> 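My questions all concern the structure below.
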Amino acid sequence: MFTSLAKAINQENKAKLKFTDKDNIYTSFRKTADYLAKITNFSDIAVEEAILELEKLYLCPKTILFVDFTNEELEIANFIQRMEKYPVKPLKVEYTTKESGTKILTEFILLDLDDKYRTKNGRFYYYPQYPDFKFRYMSYSRTYGYATILREMANSDIDLYESNRLYQYIKNLTYGDGNKFKSRWSLDKIIPENEWNAMPRFDEIKTRVHGSYYSDKEVNPRVILRKSISGNIVGYKFCYESTRNNSIEKNKILNRLSDFLNRAYFWSLQLEYNRAQEKFTRSPVWTDKQYINSGTIAAMKSDPMNRFFAHLELDNAVDLVKVRQFSKEVCLLMENFLPVLPDTPTLRLRKLGNHRALGMYVAGIFNTIVVDFRADEDFKNFSTLSGVGVQSFVHEYGHFIDFKYSDTLLSQSQEFSKILREYQESLTEFAEENALNLKLEYLLTPTEVFARAWEIYLMDLGLVTPLMKPTTVYETHPEYAAFKGLKSEIFMFFDSFFPELKNKVKLLNNLQSEPKIIPNQIQNEFPLKEVRVGDITSFVLDI
């Protein structure tokens with residue numbers, strides 16, 4: 001979302017978008033507009049373009065443009081500036097018909113530079129001294145934010161003019177006191193279709209309700225009957241199909257707006273996540289260490305994982321025996337199961353130090369998966385790779401797929417939005433009910449939700465590998481258990497992108513857990529020497 005803002009985002013601004021239980025669609029829309037204005041470096045020209053966009057919404061589909069003040073109008077504008085308590089910039093806009101270019105309306109815009117009139121954005125004002133002129137106040141920053149949202153809504157295939165009702169809702173969001181009637185932003189209760197179809201019509205029961213009057217708004221309205229204990233009708237209420245249809249249309253519009261705002265919120269979380277990663281890119285963890293001993297270099301160059309990654313780096317401190325075990329498991333997955341994408345990542349096996357993570361993925365030009373080979377007590381008894389943070393590999397590979405499968409993140413796609421929204425609600429509610437101190441902003445970041453959903457998907461497919469966490473983790477830890485009611489949606493989502501994995505996992509699980517890798521399978525130009533450590537045989541460069 002908001003891809004057009006990529007170059008304008010101020011990376012130093014620490015503003016955050018936060019919705020609360022008290023927010024409705026109107027207040028959430030307003031918060032989003034303010035947030036976008038705060039995190040963006042925008043110009044006066046961008047604000048003027050935003051004004052034209054919003055004014056076009058007000059009188060669509062007329063032509064609108066800025067025009068110069070006459071001498072008389074300039075005197076009026078200067079007078080208004082002196083009258084106001086806050087600095088305003090007067091602008092004049094003119095509406096004309098598209099066909100003939102006939103002038104329809106001239107309007108003064110008073111652009112509030114200090115954003116003091118934000119809650120009254122777009123309201124008309126009249127001054128007794130100038131009854132022939134009308135003035136509209138518009139907030140400098142919020143106007144920019146509103147227009148940015150509308151542009152992104154259009155990019156998300158929401159046609160602002162597809163229905164008169166949606167158009168009116170958008171106007172209420174961007175102009176005047178849109179929160180005056182709060183019921184406007186609440187979903188209506190709708191009689192379910194099966195109950196609606198089973199309800200009696202008035203014509204069917206009119207012989208038992210003699211002399212009753214009902215509106216001729218519709219022929220044959222449905223009737224809700226109120227009966228006594230004996231079964232006699234003691235009262236009834238008319239239900240009109242048009243009323244029900246209006247409520248269905250209203251709820252549909254509100255759900256679309258709510259879904260869009262949730263996606264904007266998730267985008268803001270992703271932006272914070274990306275900013276955090278920007279700090280990590282300045283760390284030496286993303287570049288080869290300057291001094292690597294000859295034995296480690298030999299292991300790096302001879303390792304069969306080089307076939308699947310653009311570059312492989314090993315830390316001097318890692319256990320080369322465990323690396324060899326890890327390599328066999330990775331090659332098994334890469335050769336027989338995991339999707340291989342054109343933009344091959346770098347793989348680094350090293351200690352992450354202060355990053356305090358079992359693994360990490362950094363996108364962009366780095367395109368790097370890092371797996372930490374320090375001990376992790378939670379998984380010390382798991383598989384033959386005990387004490388090594390290899391359980392993060394599948395998770396980090398999920399991040400790689402999210403970022404590199406297409407030009408846009410899969411985690412921010414429309415197809416993933418339902419999983420994202422319901423997962424957020426589930427985990428947030430669980431954390432509140434159980435008073436858990438979870439890092440929700442991190443856990444609810446779209447790419448993190450995607451990577452955990454990817455793990456859940458592979459576990460449910462039946463994938464058996466030490467490169468994932470134990471099943472008990474997926475079943476009991478809150479950040480994974482929150483997917484419980486979303487299994488079918490997760491399957492449907494990933495099956496649509498990777499339909500071949502269902503069959504591949506069956507074949508993979510029939511293979512030996514430790515595939516044989518012999519020297520002539522390794523493509524390189526260097527002689528190899530067999531090195532035996534305990535029960536493990538490795539082939540390293542003979543240098």
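No experiment lies behind these values; they were computed from the predicted model shown.
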> Which of these, Tyr35, Phe19, Phe260, sits in a ring pair (Phe, Tyr, Trp, His ring centres under 6.0 Å) with Tyr265?
Phe19

> Got a salt bridge between Glu475 and Lys484, using NZ or NE/NH1/NH2 to carboxylate O under 4.0 Å?
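Lys484 and Glu475: not salt-bridged.
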
> With the side chain counted from C-beta on, respond yes when Ile292 and Leu314 share a heavy-atom pair under 4.5 Å apart, and no when they do not.
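With C-beta onward as the side chain, the pair stays apart.
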
> If you define the side chain from C-beta out and look only at heavy atoms, does anything of Leu173 sit under 4.5 Å from Tyr146?
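When only atoms from C-beta onward are counted, Tyr146 and Leu173 do not touch, as no gap falls below 4.5 Å.
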
> Are the aromatic rings of Phe493 and Phe497 close, with centres under 6.0 Å apart?
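Close enough - the centres of the two rings lie under 6.0 Å apart.
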
> Of all residues at least two apart in sequence or in a different chain, which pass the ring-ring contact (aromatic ring centres under 6.0 Å, His included) check with Phe308?
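ring-ring contact (aromatic ring centres under 6.0 Å, His included) check on Phe308 returns nothing, list empty.
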
> Quick one: do the Thr296 and Asn293 side chains pair a donor with an acceptor below 3.5 Å?
yes

> One pair to check against side-chain contact (heavy atoms from CB on, under 4.5 Å): Leu349 and Asp315. What are the steps and the verdict?
CA-CA 6 Å; Leu349 308 182; Asp315 191 311; over 6 Å; no

> If you compare all heavy atoms of Ile419 against all heavy atoms of Leu486, which two are closest, and at what distance to 0.1 Å?
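Smallest heavy-atom distance, with atoms named: O-CD1, 3.8 Å.
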
> Ignoring hydrogens and geometry, is there a side-chain-to-backbone donor-acceptor pair from Asp34 to Lys31 under 3.5 Å?
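Absent.
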
> Stepwise, does the ring-ring contact (aromatic ring centres under 6.0 Å, His included) test hold for Tyr26 with Phe29?
CA-CA 5 Å; Tyr26 172 76; Phe29 195 92; 8.1 Å; no

> Tell me, please, which residues at least two apart from Lys252 pass salt bridge (charged side-chain N to carboxylate O under 4.0 Å, His left out).
none

> Rounded to the nearest 0.5 Å, how far does NE2 of His311 lie from CG of Asn367?
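The distance works out to 13.0 Å.
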
> Taking side chain as C-beta onward, heavy atoms only, is Ile25 less than 4.5 Å from Tyr169?
no

> Tell me the closest heavy-atom pair linking Val340 and Met334, and the distance in Å.
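The pair with the smallest heavy-atom distance is CG2-O, 4.0 Å.
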
> Taking the side chain as C-beta and beyond, is there a heavy-atom pair between Met459 and Met468 under 4.5 Å?
yes

> Hey, could you give me the OG/NZ distance between Ser268 and Lys16, rounded to the nearest 0.5 Å?
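That separation rounds to 9.5 Å.
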
> Judged by atom type as modelled, is there a donor-acceptor pair below 3.5 Å linking the side chain of Asp188 to the main-chain atoms of Ile190?
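Judged by distance alone, no pair lies under 3.5 Å.
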
> Does the gap between the ring centers of Phe403 and Tyr361 come in under 6.0 Å?
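Yes.
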
> Distance check, rounded to the nearest 0.5 Å: Leu443 atom CG versus Leu269 atom CG?
10.5 Å

> Mind checking the CG-CG spacing from Leu440 to Leu427? Nearest 0.5 Å is all I need.
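If we round to the nearest 0.5 Å, Leu440:CG and Leu427:CG are 5.5 Å apart.
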
> So with a 6.0 Å cut-off around CD of Glu500, is the heavy-atom count from everything else above 12?
yes

> Ion pair present between Lys469 and Glu455, side-chain N to carboxylate O less than 4.0 angstrom?
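Looking at Lys469 and Glu455, the cut-off is met.
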
> Which pair of heavy atoms, one from Thr344 and one from Ala310, lies closest together, and at what distance?
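Minimum heavy-atom separation between Thr344 and Ala310: CG2-N, 3.3 Å.
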
> Considering non-hydrogen atoms only, spot the tightest contact between Leu36 and Gly145 and give its length.
CD1-O, 4.2 Å

> Give me the atom names and distance for the closest heavy-atom approach of Ile191 to Trp196.
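Looking at all heavy atoms of both residues, the closest pair is CG2-N, 3.8 Å.
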
> What residues form a salt bridge (charged side-chain N to carboxylate O under 4.0 Å, His left out) with Lys502, not counting sequence neighbours?
Asp495

> Verify side-chain contact (heavy atoms from CB on, under 4.5 Å) between Val318 and Leu320, making sure each step is shown before the conclusion.
CA-CA 6 Å; Val318 302; Leu320 292 182; 4.3 Å; yes

> With a 4.5 Å limit on heavy-atom distance, are the side chains of Thr408 and Ser413 in contact?
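Side-chain contact under 4.5 Å: no.
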
> Given Arg452, which of Tyr423, Tyr474, Tyr480 fulfils the side-chain hydrogen bond (donor to acceptor under 3.5 Å, both in side chains) condition?
Tyr423

> What residue pairs, at least two apart or across chains, pass ring pair (Phe, Tyr, Trp, His ring centres under 6.0 Å) with a residue in residues 426-455?
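Sorted pair list: Phe416-Phe450, Phe450-Phe494, Trp454-Phe494, Trp454-Phe498.
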
> Return the set of residues passing side chain to side chain donor-acceptor pair (under 3.5 Å) with Glu432 (not counting sequence neighbours), or none when no residue passes.
none

> Checking Thr445 side chain against Thr447 main chain: does a donor-acceptor pair fall under 3.5 Å?
no

> Quick one: pull up OG in Ser406 and CD1 in Ile401 and give me the separation to the nearest 0.5 Å.
11.5 Å

> Closest heavy-atom contact between Asn336 and Lys504?
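The answer is O-CD, 3.6 Å.
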
> Apply side chain to side chain donor-acceptor pair (under 3.5 Å) to residues Asn255 and Ser258 and explain how you reach the verdict.
CA-CA 5 Å; Asn255 281 327; Ser258 178; 5.7 Å; no

> Check whether Thr428 reaches the backbone of Gln424 with its side chain - one donor and one acceptor, N or O, closer than 3.5 Å.
yes

> Could you tell me if the side chain of Tyr144 sits less than 4.5 Å from the side chain of Glu49, heavy atoms only?
no

> Would you find a donor on one side and an acceptor on the other, under 3.5 Å apart, between the side chain of Asn197 and the backbone of Asn194?
no

> So Leu463 and Tyr457, side-chain contact (heavy atoms from CB on, under 4.5 Å) or not? Walk me through it.
CA-CA 9 Å; Leu463 178 63; Tyr457 173 69; over 6 Å; no

> Is there a side-chain contact between Thr346 and Phe366 (heavy atoms, below 4.5 Å)?
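SC-SC contact between Thr346 and Phe366 ruled out.
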
> How many angstroms lie between CG in Leu420 and CD in Gln270, if you round to the nearest 0.5 Å?
9.5 Å

> CG of Leu507: more than 12 outside heavy atoms within 6.0 angstrom?
yes

> Run the side chain to side chain donor-acceptor pair (under 3.5 Å) test against Ser411 and tell me which residues pass, sequence neighbours left out.
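Result, side chain to side chain donor-acceptor pair (under 3.5 Å) vs Ser411: Asp402.
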
> Counting distance only, does the side-chain N/O of Thr27 pair as donor-acceptor with the main-chain N or O of Asn24 below 3.5 Å?
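Yes, Thr27 side chain to Asn24 backbone: donor-acceptor pair under 3.5 Å.
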
> Please report the C-alpha distance between Glu152 and Ile149 in whole Å, then the side-chain angles of each, then the deciding distance to 0.1 Å, and finally whether the side-chain contact (heavy atoms from CB on, under 4.5 Å) criterion is met.
CA-CA 5 Å; Glu152 188 58 34; Ile149 292 176; 5.8 Å; no

> Is there a side-chain contact between Glu329 and Val390 (heavy atoms, below 4.5 Å)?
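Heavy-atom side-chain distance check fails, nothing below 4.5 Å.
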
